[in-house]
Protein chains: 2
Amino acid sequence: MTRNFKANASTALYQAVKEHIRQQVQSGAWKVGDRVTSEHELVAELGVSRMTAHRALRELAAEGLLQRIPGVGTFVAGGKAESSLLQVTSIAEEIRSRGHRHQSEVLLQTGETASPEIASLLGLRSGEWVFHLVCLHLEDGVPIQLEDRYVHPAAAPGFLQQTFGAVQPGEYLLNSVPLDEVEHVVEASCASAETAARLGLKPGDPCLVLTRRTWRGADVVTYVRCTHPGNRYRLGTRFKPGGSPGVG
Amino acid sequence: MTRNFKANASTALYQAVKEHIRQQVQSGAWKVGDRVTSEHELVAELGVSRMTAHRALRELAAEGLLQRIPGVGTFVAGGKAESSLLQVTSIAEEIRSRGHRHQSEVLLQTGETASPEIASLLGLRSGEWVFHLVCLHLEDGVPIQLEDRYVHPAAAPGFLQQTFGAVQPGEYLLNSVPLDEVEHVVEASCASAETAARLGLKPGDPCLVLTRRTWRGADVVTYVRCTHPGNRYRLGTRFKPGGSPGVG
DNA sequence: TGCTCATACCTGTCTATACAAGTTCGAATT
DNA sequence: AATTCGAACTTGTATAGACAGGTATGAGCA
């Protein structure tokens with residue numbers, strides 16, 4: 001079998017196959033849940049051996065981009081995009097996993113023109129349209145997170161039409177948009193009067209603020225600022241280096 | 001070649017080889033920097049094919065446990081143990097990587113009997129001996145971290161004799177003890193009077209507190225509580241899912 | 001109509017072989 | 001003595017072939 005695929009030397013062949021698959025996903029040709037070219041098909045199409053195709057697919061699965069099911073096939077995985085400390089899953093899932101009751105209250109859900117700061121963070125021009133959602137999350141009836149989210153309108157056109165009851169905003173975006181870059185910032189700050197009122201704190205009480213931006217290609221999908229009461233919330237992980245993290 | 005190694009079925013052979021290597025490292029038989037059994041030696045000793053041995057070593061290297069150098073050999077890697085959000089490297093390295101000047105001031109360096117709380121956290125009996133270090137770190141002359149560290153005496157016997165100037169406590173432990181489990185907790189709190197005085201804050205100002213415990217096997221190596229001024233410090237990462245993280 | 005079984009397909013692993021490219025080290029040559 | 005060259009090692013990649021175990025589907029039978 002001659003190498004009719006990727007005549008480019010100096011790069012490993014299995015790397016080229018990985019890149020080939022990655023581009024199909026990132027370009028949007030393959031969406032979340034779509035079936036991916038099987039190993040035998042890659043052998044036929046690219047002229048590589050099955051072991052080479054297998055390694056490419058296996059490593060992409062280990063990286064979280066794909067999901068492989070023996071006997072069935074390989075599929076584009078949902079954007080898990082978990083960091084070891086922070087998971088890009090909704091707070092609802094986290095609360096339920098602790099065995100507690102989650103409630104959420106949508107305080108604001110509109111489209112608005114972007115302020116210069118928000119425009120800059122989302123890669124928009126100032127004054128462009130942007131989706132804005134403010135949501136208060138309660139754990140067993142106690143406020144635990146104030147979520148202030150901006151969404152790039154091109155990334156999730158149906159965002160405003162969603163009613164966020166069972167499905168949370170984070171979950172909705174995760175299930176429809178495959179992320180390929182995430183930025184987290186954690187800081188401690190004081191509660192403003194408004195924040196304190198919503199979280200049931202006194203103004204000036206310490207808060208843990210988690211800011212997250214996610215990318216799809218070069219475009220920012222969402223910018224979200226989650227404020228937690230400092231005395232009721234901590235963020236943690238225990239993990240084996242190289243292994244899978246858990247959330248504490 | 002018959003499989004005279006790991007007759008245990010139901011487990012993949014390369015997994016068994018990985019576990020075999022891992023145990024050598026975790027048991028302490030192989031220390032940081034030591035040479036690891038080469039692929040050909042594994043073929044001879046375990047009766048597996050070179051590709052199987054290669055896969056085991058390659059994956060362990062990808063997990064950070066080993067370091068492979070083409071043409072030279074495979075070695076036990078230093079305890080990088082980096083999380084995507086938090087690296088178990090010293091604050092000194094982080095400050096210098098920002099191009100700033102780092103100074104540290106040892107406020108306390110003793111052996112003492114463990115309080116019940118500390119004993120519990122380190123897996124000691126109450127009243128047992130424990131190393132205790134308190135250190136203030138400055139970035140360009142400004143206090144940026146108050147480090148309060150307890151070290152299991154069995155894990156690092158020479159800890160008290162160290163003078164922490166060029167080599168920081170974290171670096172010292174990393175270079176001598178290979179970690180295999182890490183726990184992080186991040187929380188926001190108010191500065192106590194003493195903490196405020198040392199960090200140059202007002203009592204009640206918000207602080208970002210990072211608590212970390214590291215394990216070697218079943219034993220806790222160190223418990224450290226790092227308190228940062230909330231207005232001068234943030235913790236962040238930007239990374240591609242599956243890729244290598246950077247520190248922000 | 002409903003059930004069973006054969007077949008085709010998919011992933012997962014393991015082996016044996018081959019070549020490439022790097023290093024280390026010692027012996028032979030200059 | 002200094003240098004060069006080659007043999008012996010190392011890891012990295014790629015291939016072909018084989019088997020195992022899972023799933024999905026459709027044909028044939030009850």
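In what follows, chains are A, B, ... by sequence order, proteins preceding strands, each numbered from 1.
- Partners of A:His20 by ring pair (Phe, Tyr, Trp, His ring centres under 6.0 Å), not counting sequence neighbours, listed by chain and number: A:Phe5.
- Here C:dG12 is the nucleotide among C:dT13, D:dA14, C:dG12 with the atom lying nearest to any side-chain atom of A:Arg68.
- Partners of B:Phe131 according to the ring pair (Phe, Tyr, Trp, His ring centres under 6.0 Å) rule, which considers only residues two or more places apart in sequence or in another chain, do not exist here.
- Rounded to whole Å, the distance from CD on A:Gln67 to C1' on D:dT23 is 15 Å.
- Distances shown here put every side-chain N or O of A:Thr74 at or beyond 4.0 Å from the OP1 or OP2 atom of C:dC10.
- Shown here are the salt bridge (Lys or Arg N to Asp or Glu O under 4.0 Å) partners of A:Glu59, two or more places apart in sequence or in another chain: A:Lys18, A:Arg55, B:Arg58.
- Residues that satisfy the salt bridge (Lys or Arg N to Asp or Glu O under 4.0 Å) test with B:Arg22, not counting sequence neighbours, are B:Glu19, B:Glu63.
- Annotation: ring pair (Phe, Tyr, Trp, His ring centres under 6.0 Å) contacts of A:His54 (sequence neighbours excluded): none.
- When distances run from any side-chain atom of B:Ser38 to the nucleotides D:dT11, C:dT15, C:dT11, the shortest one goes to D:dT11.
- Contact annotation: A:Tyr14 does not reach the phosphate of D:dA14 (side-chain N/O to OP1 or OP2, under 4.0 Å).
- Atom-to-atom, CG of A:Leu13 to P of D:dT13 comes out at 11 Å; the value is rounded to the nearest Å.
- One atom, CD of A:Gln15, and another, P of D:dT13, lie 7 Å apart when rounded to the nearest Å.
- The separation between B:His40 atom NE2 and C:dT15 atom C1' is 15 Å, rounded to whole Å.
- Residues passing the salt bridge (Lys or Arg N to Asp or Glu O under 4.0 Å) test with A:Arg50, sequence neighbours excluded: A:Glu39.
- Atom pair A:Leu42:CG and C:dC9:P shows a separation of 16 Å (rounding to whole Å applied).
- Between the P atom of D:dT13 and the CD atom of B:Glu39 lies a distance of 11 Å, rounded to the nearest Å.
- Between B:Tyr150 and B:Tyr223, the ring planes are tilted. Angles from 30° to 60° get that label.
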Got a list of protein N/O to nucleotides 20-23 of chain C N/O distances below 3.5 Å?
from	atom 1	to	atom 2	distance (Å)
C:dG22	N2	B:Gly71	O	3.4

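- Side-chain contact of A:His132 with A:Asp148: a donor-acceptor pair under 3.5 Å is present, judged by distance alone.
- Contacts between residues 51-60 of chain A and DNA chain D, defined by a heavy-atom separation below 4.0 Å, involve A:Met51, A:Thr52, A:Arg55, listed by number.
- In terms of the ring pair (Phe, Tyr, Trp, His ring centres under 6.0 Å) criterion, residue partners of B:Tyr233 (sequence neighbours excluded) are, by chain and number, B:His228.
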